[in-house]
Amino acid sequence: MSLSINYKNTLNFLNEYELDYMKELAYSSNDKLKNKNGAGNDFLGWMGLPQEMLKLTDNINVLAKEIRENSEVLVVIGIGGSYLGSRAVIESFINPFDISKKGSPTIVYAGHNISGHYHKQLLEFLEGKDFYINVISKSGTTTEPAMAFRLLKEYAEKRYGADGASKRIIATTDEKRGALITLSKENSYRTYVIADDVGGRFSVFSPVGLIPIAVAGIDIKAMLEGANAMCSIIEENDITKNPAILYACLRNCLYNKGLTTEVLVNYIPRLSYISEWWKQLYGESEGKDQKGIFPASANFSTDLHSLGQYIQDGRRNIFETVIRVAKENNDIIIKKQESDLDGLNYLDGKSMHEINTNALLATVMAHVDGNVPNIIIDIDEISAYTIGSLIYFFEKGCAISGYILGVNPFDQPGVEAYKKNMFALLGKKGFEEQNKILKDRINN
């Protein structure tokens, strides 16, 4: 198995009977997912995506090859799950120091914020560069990506003409309904389907994630195979063999102890967007009904010099989950120098990854001594296969954990509140009464 959990640094904070009690809830939750009889069971399409999407990999790879050969930039338009999953995978593999060049397009993102400055700079960046657009939205009317697509569609049509732009725009959207599928049919955009039973934060293994990931040159077949392998492992109701059940149990046991914030920690900078995707997955799935573990993240050892003091010595409502990577393919050996003014000669012959791993162990021990429980998720290396396994593990763990918590892990009713207020304040038709109420609140 390419992934395992070390939880010895939680045992001083938990009783064995607490895990025994929690595992029965986890088994019941896992059965609800298998039998599709739990809350939100009409959004369980993500569970079969790794197997289902294997048959689409050749098609997506052909598209990716076309984009790689004919562009310098791919603009991915989306917000939340429509871009975080693909970005998490892509950032795990790309060289941040590569410059844009033919055959290896730069992946950039739009529509995930409401910043004119950001999108103006993006348009300036595209000047003189060949580009494709992958717009991702079930409806086509979500404010942030819809605005970005309006801008970029207009810009593409100025650059390539209407027909040329239509060949460079790929829409990932609903099969039958919504503004984006209508626009795609009118303009002959190539389309890929977001299934009705797959929510955005669970869509990494659908065309939502696979198209940008393939364009980045990552082996999507290996990623799906890693997810499939994990899918088989986490079917069984056995806490000793199923890491998703173990993880869900541990975090809920700690939550019941009053540890209401989970910090996902990595020591490999290129995993930082895995944390960003994880925060949406768990925050949007569990944060409802006035319940839920608050998902935070930290990039060590960088953040040890900013957040380290708080984690070590602050309010004791935190537990950490650490992603530990056994080996790195690219590494540097530290060599001693004649002049040891920096005092680093004791590191002679050690690799930076070895030093980093020892920093991880030292930090875990210090934080445990400071009464911060630690869960360690071990993976062999960063590869398409292991990242696929890791993502599916987190998805299944999230679904089980949400059911243990007693919430529907697959809806997000709270997200709609800010949208309605924004529509009202901006004068959207049908929100006139709400506009008056909000203006009174603002002015008074």
Side-chain angles (χ1 to χ4, degrees), residues 43-57 59-64 67 74-93 105 107-112 132-142 144-146 148-149 152 169-181 183-184 189-216 218-221 223-224 226-227 273-274 276-281 284-285 384 387-388 390-392 394-395 398-399 410 412 415:
F43 279 93
L44 295 180
W46 59 272
M47 292 177 63
L49 280 177
Q51 183 63 41
E52 183 184 335
M53 286 296 111
L54 278 171
K55 64 179 181 285
L56 199 60
T57 55
N59 178 289
I60 290 175
N61 281 328
V62 168
L63 172 65
I67 295 172
L74 172 66
V75 185
V76 178
I77 301 175
I79 194 166
S82 295
Y83 92 102
L84 273 174
S86 60
R87 188 166 191 176
V89 178
I90 291 166
E91 296 284 339
S92 298
F93 293 97
I107 315 289
V108 298
Y109 304 89
H112 56 298
Y132 275 65
I133 297 169
N134 181 200
V135 54
I136 305 167
S137 174
K138 271 191 177 180
S139 66
T141 57
T142 303
E144 296 91 338
F149 184 51
L152 284 154
I169 295 173
I170 292 89
T172 310
T173 187
D174 190 273
E175 186 175 16
K176 298 176 181 176
R177 300 180 300 274
L180 185 53
I181 190 62
L183 191 63
S184 297
Y189 301 152
R190 281 171 284 183
T191 59
Y192 288 79
V193 173
I194 306 172
D196 287 340
D197 59 356
V198 177
R201 59 189 178 273
F202 288 90
S203 66
V204 185
F205 299 116
S206 77
V208 169
L210 294 178
I211 291 172
I213 291 167
V215 172
I218 297 162
D219 188 344
I220 57 173
K221 185 178 180 184
M223 190 177 80
L224 291 170
Y273 261 90
I274 293 288
E276 296 304 309
W277 167 81
W278 173 88
K279 284 192 288 189
Q280 189 210 357
L281 178 67
E284 204 166 69
S285 297
I387 292 295
L390 180 67
I391 288 173
Y392 198 86
F394 275 137
E395 288 180 343
C398 180
F410 307 110
Q412 54 279 340
V415 176

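Note that the coordinates shown come from a computational prediction; the quantities given were computed from them, not determined experimentally.
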(message) Do Ile136 and Tyr83 have side chains that approach each other closer than 4.5 Å (heavy atoms only, starting at C-beta)?
(response) no

(message) Rounded at 0.5 Å granularity, tell me how far CH2 in Trp277 sits from CD in Glu395.
(response) 5.0 Å

(message) I need the minimum non-hydrogen distance between Leu84 and Gln280, along with the two atoms involved.
(response) CD1-OE1, 3.6 Å

(message) Evaluate Arg87 against His112 for side chain to side chain contact (heavy atoms under 4.5 Å, CB included), listing each step before the verdict.
(response) CA-CA 12 Å; Arg87 188 166 191 176; His112 56 298; 4.3 Å; yes

(request) Check whether any side-chain heavy atom of Val215 lies under 4.5 Å from a side-chain heavy atom of Tyr132, and answer yes or no. (result) no

(message) With a 4.5 Å cut-off on side-chain heavy atoms, are Ile211 and Val76 touching?
(response) no

(request) Would you indicate whether the side-chain heavy atoms of Val89 and Ile391 approach each other to under 4.5 Å? (result) yes

(request) Could you grab the distance from atom NZ of Lys176 to atom CD1 of Ile181, nearest 0.5 Å is fine? (result) 11.0 Å

(message) Looking at every non-hydrogen atom in both residues, tell me the closest pair between Lys138 and Asp196 and how far apart they are.
(response) NZ-O, 3.5 Å

(message) Looking at every non-hydrogen atom in both residues, tell me the closest pair between Leu180 and Gly140 and how far apart they are.
(response) CB-CA, 3.7 Å

(request) Give the minimum heavy-atom separation between Pro207 and Met53, together with the two atoms involved. (result) CD-SD, 3.7 Å

(message) In the structure I gave you, are the side-chain heavy atoms of Arg201 and Gln412 within less than 4.5 Å of one another anywhere?
(response) yes

(request) Check whether any side-chain heavy atom of Leu210 sits under 4.5 Å from a side-chain heavy atom of Tyr192, and report yes or no. (result) no

(message) Does any part of the side chain of Val135, heavy atoms only, come nearer than 4.5 Å to the side chain of Tyr189, both counted from C-beta?
(response) no

(request) Please assess Ile170 against Ile67 for the test side chain to side chain contact (heavy atoms under 4.5 Å, CB included), listing each intermediate value before the final yes or no. (result) CA-CA 10 Å; Ile170 292 89; Ile67 295 172; 4.2 Å; yes

(message) Could you measure the distance from the CG atom of Leu281 to the CD1 atom of Ile274? Nearest 0.5 Å is fine.
(response) 11.0 Å

(request) Working to the nearest 0.5 Å, report the span between CG of Asn61 and CD1 of Ile220. (result) 4.5 Å

(request) Check whether any side-chain heavy atom of Tyr273 sits under 4.5 Å from a side-chain heavy atom of Ile90, and report yes or no. (result) no

(request) Write down the atom of Ser137, the atom of Thr173, and the distance for their closest heavy-atom approach. (result) O-OG1, 2.7 Å

(message) Can you tell me how far apart CD1 (Ile169) and CD1 (Ile133) are? Round to the nearest 0.5 Å.
(response) 4.5 Å

(request) Measure the acute angle between the ring planes of Tyr392 and Phe205, then classify it against the limits of 30° and 60° as parallel, tilted or perpendicular. (result) tilted

(message) On a heavy-atom basis, which atom in Ala399 and which in Trp46 lie closest, and how many Å separate them?
(response) CB-CZ2, 3.8 Å

(message) I need the Ile79 CD1 to Ile77 CD1 distance, nearest 0.5 Å.
(response) 12.0 Å

(message) Would you say that more than 12 heavy atoms from the other residues, nucleotides or ligands in this model lie under 6.0 Å from the NZ of Lys279, or not?
(response) yes

